[in-house]
Amino acid sequence: MNATSQRLTRREFTKATLIAGAAVASGTFAAVGQNNRIRTGVIGCGSVSGSYLPVLTKCPYVEVVSLCDIRPERARKRAEQFKVAHHYPHIDKMLAGEAFDFLINLTDMQEHEHLNQQALEAGKHVWSEKPIANSLKAGQKLLRLATEKKRRLWGAPITVQSPQFAFMARTLAQGTLGRVAAAHANYGHEGPNWSSFFYEKGGGSMPDLAVYNITTLTGLLGPAKHVTAMLSIVTPERDITEKGKIKVTEEDNAQVLIDHGQGVISHVQSGFNYFNPHGHDGSGERQHTVTVVGSGGFMGLVGYDWAPQGVDLATRKQRNIERHATDAEGYVWQQGAALAAECLVTGKELLVTPEHALHVLEIITAARESQGTGKRIKLTSTFKWPVVT
Ligand SMILES: NC(=O)c1ccc[n+]([C@@H]2O[C@H](COP(=O)([O-])OP(=O)(O)OC[C@H]3O[C@@H](n4cnc5c(N)ncnc54)[C@H](O)[C@@H]3O)[C@@H](O)[C@H]2O)c1
């Protein structure tokens, strides 16, 4: 054997280190899985688990060993449906039960922070639906905890992983649009009717919907420097399945202006009162939902940034709009936790970072501060940019 073949590649080294680290944490190699699959627990067996579990149970890097929901019937049903051996009614029982190394958190938005913390403290890697935490400060504390524990923490959404995002980012980096000036993004529907948390403190249309557009625009144009916003409640009462009428206390209508520095300004429009002929299904959307314009070109993302279908581009040289990047290349919005599992097993890094997710969270809280004070809010956080090189 020569010296080169004895050396581990970076990927092999990361994998060996992670497996060893996880083995130390759990006290057994079996918990990591000898089949190159990370032993995974999913908490929250509501609506979105129905989109995640089909991807996770087909993913070659994942072994779903347990499910959990405070509504035990939901965990039991999903366990039956996806042939998962163990299910629990509480995180304490899940952590004390069947060994696992990776927690996927699909619970109510308000529950993420404390469950993510408990899982990290117990030595688990964490993938969280948005938001990772309820505030930038709390999110940064979680990230420090993850670093201390030598564990990974990621959060949805994953719009920066799509080939359409990559095409747009590279087009901007090549200067094809000339001097970039402005961008607009919009996403809305008529609002969920299955759970009240979307409309209660810690919820709202920004952390549920605008979060996609804010992730995309900061991913394309760079970290935000300042935010100004106007927010409102258009529908003060909602009818929720199994609950009846509830009071809406968080914004269901948001207009957020983002200053990316160097003169670039973007705008996100989002809310729970948008009639949409496609309902919650993104596959039928054909409009541009993200547009970017500069002195020498225009670019429009066809469909939603979480389910993109192509990118239209027109430039000074090519004045007729041409469609690019029409192939999804396997990208689906619900694959984030599966990509994180692949990273844990193989060392292949994601474009999604927790620092970006926390920056987006700060924009959302700054938008609320702007609405409350009438002021333009300076941001403190940032993330590694450009996302795509
Ligand atoms: N529904 C979607 O299509 C969708 C899409 C993308 C992202 N999301 C995000 O996914 C998350 C969940 O949304 P949802 O629509 O699935 O909501 P949901 O109400 O349908 O499901 C949430 C589930 O979490 C459970 N839960 C709440 N607190 C818990 C706790 N402490 N321990 C264990 N279980 C707990 C609830 O009992 C419920 O079954 C939210 O952050 C939402 O923004 C949802």
Side-chain angles (χ1 to χ4, degrees), residues 41-56 66-79 81 86-97 103-119 122 124 126-134 139 154-159 187-215 238 240-243 246 250 252 270 272 276 278-283 304-307 332-338 352 357 360-361 364:
V42 177
I43 188 162
C45 295
S47 162
V48 84
S49 71
S51 298
Y52 267 67
L53 282 165
V55 177
L56 289 170
S66 64
L67 300 179
C68 175
D69 199 295
I70 43 166
R71 295 175 68 163
E73 197 48 24
R74 290 190 170 181
R76 190 190 63 72
K77 276 197 183 142
R78 288 290 193 222
Q81 187 184 356
H86 306 273
H87 57 90
Y88 302 96
H90 195 275
I91 187 161
D92 291 348
K93 293 216 158 75
M94 187 193 207
L95 290 171
L103 181 87
I104 299 173
N105 188 349
L106 309 180
T107 61
D108 305 9
M109 294 193 266
Q110 295 82 347
E111 297 292 305
H112 297 170
E113 182 179 307
H114 78 95
L115 294 173
N116 292 344
Q117 182 178 338
Q118 199 173 340
K124 313 300 175 195
V126 172
W127 173 270
S128 176
E129 253 304 332
K130 46 11 181 218
I132 286 176
N134 300 316
W154 294 275
I158 63 160
T159 54
Y187 177 31
H189 51 58
E190 289 167 275
N193 63 356
W194 56 88
S195 282
S196 57
F197 72 82
F198 292 101
Y199 306 101
E200 294 164 346
K201 190 164 171 50
S205 60
M206 286 194 296
D208 191 45
L209 302 186
V211 63
Y212 294 93
N213 289 166
I214 299 172
T215 303
R238 294 260 172 179
I240 302 295
T241 318
E242 295 178 24
K243 226 174 178 179
I246 60 133
E250 302 308 293
D252 64 4
S270 185
F272 288 142
N276 186 320
H278 316 293
H280 294 232
D281 176 20
S283 61
Y304 292 122
D305 51 3
W306 52 272
V332 285
W333 64 268
Q334 59 272 54
Q335 73 183 162
V352 169
V360 171
L361 176 60
I364 291 170

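Just so you know, ligand 1 is whichever comes first in the structure, and atom 1 is the first atom listed for that ligand. Below, all heavy atoms of this structure are taken into account, side chains as well, without hydrogens, waters or symmetry copies.
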Which residue owns the protein heavy atom closest to [atom], what's the atom, and how far is it?
atom	value
atom 20 (O) of ligand 1	Ser47 N, 2.8 Å
atom 13 (O) of ligand 1	Phe197 CZ, 3.7 Å
atom 28 (N) of ligand 1	Glu111 CG, 3.3 Å
atom 40 (C) of ligand 1	Thr107 O, 3.7 Å
atom 27 (C) of ligand 1	Asp108 OD1, 3.3 Å

Residue part near ligand 1, for [X], under 4.0 Å between non-hydrogen atoms:
X	answer
Ile91	neither
His90	neither
Asp208	side chain
Ser195	side chain

Sub-3.5 Å donor-acceptor pair from the side chain of [X] to the main-chain atoms of [Y], do we have one?
X	Y	value
Arg78	Gly46	yes
His112	Pro131	yes
Tyr187	Val211	no
Gln335	Val55	no
Asn116	Ile132	yes
His278	Ser283	no
Ser128	Gly155	no

**Item:** Side-chain ion pair, Lys130 and Asp208, N-O less than 4.0 Å
**Value:** yes
**For Thr159, the option from Asp305, Val352, Ile214, Asn213 that meets side chain to side chain contact (heavy atoms under 4.5 Å, CB included)** =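 Per the side chain to side chain contact (heavy atoms under 4.5 Å, CB included) rule, the option paired with Thr159 is Asp305, out of Asp305, Val352, Ile214, Asn213.
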**Request:** Give me the one residue out of Ile43, Leu56, Val126 that meets side chain to side chain contact (heavy atoms under 4.5 Å, CB included) with Ile104.
**Result:**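 Of the listed options, the one satisfying the test is Leu56.
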Any atoms of ligand 1 less than 4.0 Å from a non-hydrogen atom of [X]? List them with their elements.
X	value
Gly46	16 (O), 20 (O), 21 (O), 23 (C), 39 (O)
Arg71	37 (O)
Phe198	15 (O)
Arg74	38 (C), 39 (O)
His112	41 (O)
Leu115	30 (C), 31 (N)

With a 4.0 Å cut-off on heavy atoms, is [X] in contact with ligand 1?
X	result
Gln334	no
Asp69	yes
Tyr212	yes
Trp306	no

**Message:** Is there a polar contact between ligand 1 and Val48, counting only N or O atoms under 3.5 Å apart?
**Reply:** yes
**Geometric N/O contact Trp194 with ligand 1, under 3.5 angstrom** =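 Yes; the residue has a nitrogen or oxygen that sits under 3.5 Å from a nitrogen or oxygen of the ligand.
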**Prompt:** Thr215 and Pro157: which non-hydrogen atoms are nearest, and at how many Å?
**Reply:**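 Looking at all heavy atoms of both residues, the closest pair is OG1-CG, 3.6 Å.
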**Item:** pair Leu67-Arg74: side-chain heavy atoms closer than 4.5 Å
**Value:** no
**Prompt:** Going by heavy atoms in the side chains, are Arg238 and Asp252 under 4.5 Å from each other?
**Reply:**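 A side-chain contact under 4.5 Å exists here.
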**Prompt:** Among Asp92, Val42, Ile70, which residue places a heavy atom closest to atom 29 (C) of ligand 1?
**Reply:** Ile70
